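Along the sequence shown, residues carry numbers from 1. All values reported here derive from a predicted model rather than from experimental measurement. Counting starts at 1 for both ligands and their atoms, in listed order.
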Amino acid sequence: ASGGSTSAIKQVKLDKECEIRIEVGNETPLRLRLLSGTAEIFGAELPPEIWLTFPPRHKFAVFTWYGATIEMDGETESDYTADETPMVSYVNVHAILEGRRNRARASPPDSNSSQGPRVIVVGPTDSGKSTLSRMLLSWAAKQGWKPTFVDLDVGQGFITIPGSIAATPIELPIDPVEGVPLEMPLVYFYGHVTPSNNVDLYKVLVKELADILERQFAGNAESRAAGMVINTMGWIEGVGYELIQHAITTFNANVVLVLDQEKLFSMLKKDVLKNNPNVDVVKLQKSGGVVSRSNKFRQRTRSFRIREYFYGPGNDLSPHANIANFSDLSIYRIGGGPQAPHSALPIGAKSVADPLRLAPVNINRDLLHVVLAVSFAKEPEQIISSNVAGFIYVTDVDIQRKKITYLAPSPGDLPSKFLIMGTLTWLET
Ligand code: ATP
């Protein structure tokens, strides 16, 4: 039975292999704790007796392998217990990956077999890709591995703000409330929330990220054996399908987990195995608990993610307002510009529609409310191939005095004057 609750503290007893699915109410947070037994949230075990606080609208499940009693305090939009979940099939995948990690660790470091599983999770929107990625990573981390989490979803970034692709080692099970720690992930800024804005740029950045991880793995047997889990976006038709194939080959994925879709599974099985017969393409069921999210909801989570970057997950950080002279900053945009037919260009000239063209941006009021990435590039030419240090948010542009005011997560000078602008904006609320 589904339905919201408004009562105060309530106890819920969960039988083995059952979960309670919770949508926190719109207004107030929900507190929850484990009273007895053992339970986990998306692969991360709950500490006994300690209250955890989940923000409004948060959607999650508490699952138990052997039975548990939990206590909840606060309003929910809905909460219900389910005894049918795909968790056993998910944990079986984990067991197979675990075997491969152990084999990789036992192999001579220079051999091919020292590479652990490179798992890519694909499926339509709202099929539970991020959630499955998260469980596989947390279960591996619990067993002492440090798998690399790669997030290629520019729409609903899990590691950092939207519009980016990123990677980070996962050293501990992922915190059910705070998510992935934001310390020092490897981030490339694409600048848009859908790959269709600039497919070529998206592919180039995916390649950059894959190359850099490949180099890191070469020198680190431990993370090589632990392997990676790659989360993708829900765009699976047409160009979206091409991008999935591109990610599989670029990252040399050897396990493809397809959630929910028979058609996608059979297409990928055919196309992927044609290129590389050693890849395992596995079909997995979607959990009935995955919540569909409207475009409006997605927009809201995007904006929430940006807020979180500057203010911290629990509103516990205070960003710094800084002022810079126009002349201190060099802002660039990648690609775009008005379309000019190739025939109209002088021979040898680069089309302004070149998707990888770097164009300086004039500073004006258009920058207001824009989120900019701070590149590690030393020269403009390196911008596309460089990862980013972080982000700033433009809160004021004073044309007369030629000064920009911006929020940054830390005080002091920016690590570089090269900034990247896309179409990502944010309205602070
Ligand atoms: P996207 O379309 O953004 O790629 P996705 O396929 O990655 O989505 P998730 O983000 O994993 O989907 O899941 C969608 C939402 O459903 C999330 O808010 C997640 O926390 C929630 N969810 C997933 N599994 C469960 C479950 N078993 N019970 C309750 N909520 C769940």
Side-chain angles (χ1 to χ4, degrees), residues 2 4 12 14 17-26 30 32 39-44 52 54-65 70 72 76-91 119-138 149-159 161-165 174-180 193-195 229-237 240-241 243-244 247 257-261 264 284-302 304-305:
S2 174
V12 181
L14 294 170
E17 290 177 26
C18 289
E19 67 185 19
I20 177 165
R21 297 171 178 163
I22 298 169
E23 285 186 56
V24 182
N26 281 319
L30 176 81
L32 184 150
E40 57 183 54
I41 295 179
F42 301 150
L52 304 175
F54 296 86
R57 289 182 291 274
H58 203 78
K59 306 171 198 321
F60 66 102
V62 181
F63 177 87
T64 178
W65 292 106
I70 59 158
M72 285 159 44
T76 62
E77 180 70 29
S78 77
D79 62 83
Y80 67 98
T81 306
D83 58 3
E84 262 179 53
T85 76
M87 292 295 277
V88 169
S89 61
Y90 293 177
V91 87
V119 185
I120 185 166
V121 182
V122 304
T125 45
D126 297 323
S127 56
K129 297 178 295 299
S130 319
T131 305
L132 176 59
S133 305
R134 180 175 179 156
M135 288 193 264
L136 294 174
L137 288 158
S138 287
F149 183 17
V150 178
D151 196 354
L152 303 181
D153 187 354
V154 290
Q156 302 278 311
F158 201 78
I159 300 180
I161 70 165
S164 317
I165 61 171
I174 298 172
D175 189 282
V177 182
E178 312 249 310
V180 177
V193 295
T194 155
V229 177
I230 306 163
N231 180 36
T232 60
M233 60 207 159
W235 187 21
I236 55 168
E237 308 275 344
Y241 181 72
L243 290 176
I244 290 176
L257 301 178
V258 187
L259 275 169
D260 188 37
Q261 252 231 3
L264 179 65
L284 286 172
Q285 232 182 49
K286 162 184 168 173
S287 164
V290 179
V291 187
S292 303
R293 294 159 299 170
S294 63
N295 278 338
K296 196 159 162 228
F297 187 89
R298 280 168 193 276
Q299 257 161 31
R300 213 196 271 154
T301 20
R302 278 203 278 272
F304 188 74
R305 287 296 284 162

Contact (N/O only, under 3.5 Å) between Asn231 and ligand 1: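 No; the residue has no nitrogen or oxygen that sits under 3.5 Å from a nitrogen or oxygen of the ligand.
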
Looking only at distances, can you tell me whether any N or O atom of Gly128, backbone or side chain, sits closer than 3.5 Å to an N or O atom of ligand 1?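 Between Gly128 and ligand 1 (N or O atoms, distance only) the closest approach is under 3.5 Å.
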
Among all protein heavy atoms, pick out the one at the shortest distance from [atom]; state its residue, atom name and that distance to 0.1 Å.
{"atom": "atom 18 (O) of ligand 1", "answer": "Lys59 CB, 3.7 Å"}
{"atom": "atom 9 (P) of ligand 1", "answer": "Thr131 OG1, 3.6 Å"}
{"atom": "atom 24 (N) of ligand 1", "answer": "Val290 CG2, 3.7 Å"}
{"atom": "atom 16 (O) of ligand 1", "answer": "Val291 N, 3.1 Å"}
{"atom": "atom 5 (P) of ligand 1", "answer": "Lys129 N, 3.4 Å"}
{"atom": "atom 27 (N) of ligand 1", "answer": "Glu19 OE2, 2.9 Å"}
{"atom": "atom 2 (O) of ligand 1", "answer": "Asp126 N, 2.9 Å"}
{"atom": "atom 31 (C) of ligand 1", "answer": "Gly289 O, 3.3 Å"}

For ligand 1, is there an atom lying under 4.0 Å from some heavy atom of [X]?
{"X": "Phe158", "value": "no"}
{"X": "His58", "value": "no"}
{"X": "Arg293", "value": "yes"}

Using 30° and 60° as the class boundaries, would you call the ring planes of His58 and Phe54 parallel, tilted or perpendicular?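 Plane angle between 30° and 60°, so tilted.
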
At under 4.0 Å between heavy atoms, which part of [X] makes contact with ligand 1: side chain, backbone, both or neither?
{"X": "Ile22", "value": "neither"}
{"X": "Phe63", "value": "neither"}
{"X": "Gln156", "value": "side chain"}
{"X": "Glu23", "value": "neither"}

Where the side chain of [X] meets the backbone of [Y], is there a donor-acceptor pair that is under 3.5 Å apart?
{"X": "Ser89", "Y": "Pro86", "answer": "yes"}
{"X": "Lys286", "Y": "Gly123", "answer": "no"}
{"X": "Thr232", "Y": "Val121", "answer": "yes"}
{"X": "Asn231", "Y": "Leu152", "answer": "no"}

Under a 4.5 Å cut-off applied to non-hydrogen side-chain atoms, are [X] and [Y] in contact?
{"X": "Leu257", "Y": "Leu259", "value": "no"}
{"X": "Arg298", "Y": "Gln156", "value": "yes"}
{"X": "Val154", "Y": "Ser164", "value": "no"}
{"X": "Val62", "Y": "Leu32", "value": "yes"}

With the threshold set at 4.0 Å, does a side-chain nitrogen-carboxylate oxygen contact exist between Arg134 and Asp175?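 Here Arg134 does not pair with Asp175 in a salt bridge, since their nearest N and O are not under 4.0 Å apart.
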
Between Arg21 and Asp79, does any side-chain N to carboxylate O distance fall below 4.0 Å?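 Salt bridge between Arg21 and Asp79, a charged N being under 4.0 Å from a carboxylate O: no.
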
Only heavy atoms of [X], strictly under 4.0 Å: list the atoms of ligand 1 that pass.
{"X": "Asp153", "result": "3 (O), 4 (O)"}
{"X": "Thr125", "result": "2 (O)"}
{"X": "Ser287", "result": "27 (N)"}
{"X": "Ser127", "result": "6 (O)"}

From the candidates Ser130, Ser78, Gly123, the one that places a heavy atom nearest atom 7 (O) of ligand 1: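 Among Ser130, Ser78, Gly123, the closest heavy atom to atom 7 (O) of ligand 1 comes from Ser130.
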
Which heavy atom in Gly155 sits nearest to a heavy atom in Pro162, and how many Å separate them?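 The answer is O-CB, 4.0 Å.
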
Which pair of heavy atoms, one from Pro56 and one from Val24, lies closest together, and at what distance?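 Nearest pair, atom of Pro56 first, then Val24: CA-CG1, 3.8 Å.
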
